Every structure is written in structure tokens, then in C-alpha cells.
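What follows is a single structure, written as C-alpha cells, with notes after it.
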Amino acid sequence: MTTRSRTLRASDLARVAVFAALIAALGLPGPLYVPGSPVPITAQTLGVMLAGALLGARRGAMAVVTFLVLVAAGLPLLAGGRGGISWLTTAPNAGYLLAWPLGALVIGLISERMYPTYRFTPGLPAAAHRFVSGLLATIGGGIIVVYAIGIPVHAARVDSGFLAVVQGVAMFLPGDLIKAGITALVASAVHRALPGLVGGRDGH
Amino acid sequence: MTGPLGLYVPGRSPLHRCPPGPKLLGLAVALVLALRYPLLAAGPVVALYALARIPVRLALAQVRPLWGVLLVTGVFQTITIGWERAAEITSSLMLSVALASLVTLTTRVSAMLDTIAGVARPLRRIGIEPDRVALLLALTIRCVPLLTDILGSVREAQLARGAGRNPLALVVPVIIRTLRTADALGEALTARGVDDE
């Protein structure tokens with residue numbers, strides 16, 4: 001029974017596959033527009049955050065790994081039709097992509113611990129509790145963890161910590177903060193509709 | 001877009017015929033050399049692209065997404081640590097990406113997936129079944145057009161309602177339909193005996 005419980009059940013397999021495909025679909029043309037921002041932001045990291053927040057740590061990380069394996073195999077699933085092993089190994093921003101599974105894992109871990117209990121947000125109304133939980137999870141996993149790996153790798157490749165920090169913050173942070181907010185709002189709505197999604201008895 | 005071949009460029013060169021495993025080892029060696037001698041590696045990298053008969057336009061397309069980073073890095077490092085080191089840094093970035101891309105361009109997606117599955121085989125010991133991994137990858141590939149359709153139809157519906165620019169009006173219905181698709185897929189898999197062992 002021990003190995004059996006670690007194997008993916010059919011329902012888990014389906015969720016992992018569908019969310020991995022969602023991450024890919026969010027990278028296809030037809031970008032996401034954000035009110036007040038003239039630049040369309042790519043929605044792929046939104047998919048990573050959603051996978052962690054809605055599937056939980058284990059399945060969320062598996063969805064991201066599945067997506068990255070298909071990219072590594074040469075399918076053009078990254079935003080802009082990019083793909084292949086170069087984007088996961090030698091490209092200056094490879095660290096960010098390699099950090100995505102860990103980011104989704106941390107988002108899932110925080111979500112699983114915060115959504116079912118009000119321990120960390122005493123006195124808040126339910127909707128605010130869900131939004132704050134989602135925001136802490138997406139900023140912690142989707143931004144802090146991903147940047148903590150992405151920026152040093154970038155710095156090593158361009159031989160400048162300053163440049164890596166400036167480029168990471170200028171290029172990704174505004175969009176990632178917006179995506180963290182969107183994920184928190186979406187996850188709040190979805191978790192209200194389906195309370196057992198993460199951290200419940202039917203999860204892991 | 002997502003053609004059946006992915007980024008693979010069909011050909012019969014020695015690079016195309018080399019199996020992915022040795023090719024990846026070769027890439028590792030080539031990367032070490034290219035990072036060590038960034039200015040001397042340009043010739044050999046171009047020669048390898050010629051050997052694989054990759055069209056020039058396609059070869060340039062591999063490094064095009066880097067132009068922005070290369071330009072910023074080049075200018076910044078020329079100012080701070082001099083043009084020699086700046087040239088080394090930018091060319092090692094460009095050449096290492098070009099080398100890794102060459103492996104992708106000359107390897108079928110199916111062959112690369114088989115190699116990755118082979119590397120993942122020892123993971124069976126920690127409960128990751130190779131059959132499940134293969135099923136998961138195949139399902140995901142099948143689901144990409146499905147999810148693209150969901151995204152496209154929700155986007156059109158919200159545009160028709162005048163909510164096209166509101167990200168929440170787009171993402172919430174997409175997620176609901178995504179979870180519903182996953183449930184239907186899970187039931188279909190269970191009905192076909194995926195959970196029976």
C-alpha cells in the first residue's frame with residue numbers, strides 16, 4: 001500500500017496533465033491584458049502560480065515538471081513559441097524556469113496550510129482570509145522562491161549581480177505582482193466553490 | 001505552433017543520426033569548451049550548424065530572443081569592466097544557447113522523450129512508475145489543443161460581453177472549465193482501468 005499511495009491516481013493524473021497543458025496554453029499568442037498597463041504580459045507564470053494554488057504542493061509541482069519536460073523535449077510551448085533544452089540550461093533566464101516547480105511546491109505548501117485554517121489570519125472575514133492566504137502563497141512561492149534561484153543564475157551568466165537584479169525586477173516583478181494578485185483572487189473564488197481542493201482529506 | 005515535430009528540423013546529418021544520449025554528453029563537453037574559450041568557439045559552432053544543414057534564418061532565430069539581454073549586458077559590461085570581458089560574456093551566452101538549441105533542432109521530440117524517460121527509470125524506486133510518466137506526458141500533449149480551445153472560447157465570450165480586458169473575467173471561467181475537463185478526463189481514465197493493477 002505504501003507505493004500504491006505514492007502512485008498517481010487517475011484523477012490526480014488528469015489534473016496534473018490538464019494543468020500542465022494550461023501552462024502551455026497560457027504561453028500561446030493572445031496575451032493577457034491588464035487594465036492600466038500598456039504592455040501585454042505573458043501569462044505562463046500565472047499558470048505556474050495557479051497550479052500550485054489550486055492543485056496543492058505535490059500535484060502542482062508535478063504539473064510544472066511535466067510542462068518543463070515537454071519543453072526540454074523540444075516542443076515550442078514556452079511563451080513566444082520557444083522550446084528546447086537551451087531555455088532550461090544555457091539561457092540567462094534558465095534559473096527562473098528551473099525554479100518554477102519549487103515555486104509551485106511552496107505555493108501549494110503555504111496554501112494547504114493556510115486555506116483550511118484561520119490560525120494565521122485571526123479576525124478576518126472569510127473572503128479576505130482566502131485572498132491574504134493566496135497572496136502570501138503566490139508571493140512566497142511564485143516570486144520569492146523563483147527570484148531567489150533565477151537572479152543568482154542570471155547574475156552568474158552575465159557576470160553582474162547588479163544587472164541581474166535590475167533586469168529581474170524591471171522585467172518580471174511588475175507583471176509577477178499582478179499575476180500573484182490575480183491568482184489570489186481566482187484561487188479565493190475557486191476555493192469558496194470547491195472547499196476540498198487543497199489541504200482537505202481528499203487531497204494528499 | 002505545436003506541430004507534430006516540435007522544433008525538430010528533419011535531416012540526415014551525423015548530428016541527426018546521433019542518438020540523444022551521446023548527443024547530450026557531447027553538448028556538455030562542447031559547453032565546457034565554449035564557456036572556457038568563448039571567442040574561439042564561434043567558428044566551430046557555425047561549422048556544426050552547417051554540418052546539420054540548419055537554414056541560416058532558423059539558426060539566427062535560436063538566439064534572437066536573447067538580443068535584448070545581450071545588448072544590455074554588452075553595453076553595461078563594456079562600461080564597467082571593459083570591452084574584452086564584455087565580448088567574452090556576451091559571446092559565451094550566445095554560443096551556449098546556440099549549442100543547446102542545435103541539439104533540440106536535430107533531435108526528434110519522441111527520441112528526446114524516450115531518453116528523458118530512460119533517465120527517469122530509477123525513480124521507480126521512489127514510487128514514480130515509468131508507465132504513468134509516459135501516460136502523463138502523452139495526455140498532456142493531447143490536452144494542449146484542448147486547453148487552447150478553452151482559453152480561446154472563453155476569451156471570445158468575454159470580448160462579446162465587453163469584459164475582454166478584465167483578467168478575472170477570463171481566468172475564473174477558464175479555471176472552472178479546466179477543472180471540469182480534468183474531472184471528465186479522470187473519470188474516463190478510471191473507466192478504462194488505469195487505476196486497476
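Below, read A as the first sequence line, B as the second, and so on, with proteins coming before strands; counting in each chain starts at 1. This structure is a prediction, so every number in the text was calculated from the model and none was measured.
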Worksheet entry | A:Val158 backbone acceptor or donor facing B:Gln77 side chain under 3.5 Å | yes

Worksheet item: Do any N or O atoms from the side chain of B:Thr104 and from the backbone of A:Ile85 form a donor-acceptor pair under 3.5 angstrom?
Response: yes

So which heavy atom on [X] is nearest to which on [Y], and how close?
X: B:Ala182; Y: A:Val18; answer: CA-CG2, 3.8 Å
X: B:Pro167; Y: A:Ile182; answer: CB-CD1, 3.6 Å
X: A:Ala72; Y: B:Met112; answer: O-CG, 4.0 Å

Discussion item. Would B:Val171 and A:Leu50 count as a side chain to side chain contact (heavy atoms under 4.5 Å, CB included) here? Give the steps.
Written reply: CA-CA 10 Å; B:Val171 181; A:Leu50 286 168; 3.9 Å; yes

Item to complete: Could you walk me through whether B:Ser96 and A:Arg157 pass the side chain to side chain contact (heavy atoms under 4.5 Å, CB included) test, one step at a time?
Response: CA-CA 10 Å; B:Ser96 60; A:Arg157 293 313 312 282; 3.1 Å; yes

Response to the item:
Within residues 27-55 of chain B, contacts to chain A at heavy-atom distances under 4.5 Å involve B:Leu27, B:Leu31, B:Leu35

Worksheet entry | Contact check, side chains of A:Trp87 and B:Ser101, non-hydrogen atoms, under 4.5 Å | no

Worksheet item: Does B:Ile175 reach the side chain of A:Phe19, with side-chain heavy atoms less than 4.5 Å apart?
Response: yes

Taking every heavy-atom pair that is under 4.5 Å apart, which of [options] has the most such pairs with chain A?
options: B:Leu146, B:Leu24, B:Val97, B:Leu189; answer: B:Val97
options: B:Thr181, B:Asp149, B:Leu179; answer: B:Leu179
options: B:Thr90, B:Leu168, B:Val172; answer: B:Leu168

Interatomic spacing from [atom1] in [X] to [atom2] in [Y] - rounded to 0.5 Å:
X: A:Ser86; Y: B:Leu102; atom1: OG; atom2: CG; result: 10.5 Å
X: B:Ile81; Y: A:Ser160; atom1: CD1; atom2: OG; result: 8.0 Å
X: A:Leu70; Y: B:Leu113; atom1: CG; atom2: CG; result: 6.0 Å
X: A:Arg82; Y: B:Arg64; atom1: CZ; atom2: CZ; result: 13.5 Å
X: A:Thr66; Y: B:Leu136; atom1: OG1; atom2: CG; result: 4.0 Å
X: A:Leu163; Y: B:Thr73; atom1: CG; atom2: OG1; result: 5.0 Å

Worksheet item: What residues of residues 90-102 of chain A sit under 4.5 Å from chain B when you count only heavy atoms?
Response: A:Thr90, A:Ala91, A:Pro92

Practice prompt. Run the numbers on B:Leu7 and A:Leu75 for side chain to side chain contact (heavy atoms under 4.5 Å, CB included), then give the verdict.
Written response: CA-CA 6 Å; B:Leu7 300 162; A:Leu75 291 174; over 6 Å; no

Residue part contacting chain A, namely of [X], when any heavy atom lies under 4.5 Å:
X: B:Ile116; value: side chain
X: B:Arg142; value: neither
X: B:Ile150; value: neither
X: B:Val63; value: neither
X: B:Gln62; value: backbone

Discussion item. Among A:Ala187, A:Ala24, A:Ala17, which residue has the highest count of heavy-atom pairs closer than 4.5 Å to chain B?
Written reply: A:Ala17

Worksheet item: Regarding A:Arg9 and B:Thr190, is there a side-chain donor-to-acceptor distance under 3.5 Å anywhere?
Response: no

Structural part of [X] lying under 4.5 Å from a heavy atom of chain B:
X: A:Val190; answer: side chain
X: A:Thr89; answer: side chain
X: A:Leu54; answer: side chain

Worksheet item: For A:Phe67 and B:Thr140, what are the C-alpha separation, side-chain angles and deciding distance, and is it a side chain to side chain contact (heavy atoms under 4.5 Å, CB included)?
Response: CA-CA 8 Å; A:Phe67 168 74; B:Thr140 305; over 6 Å; no

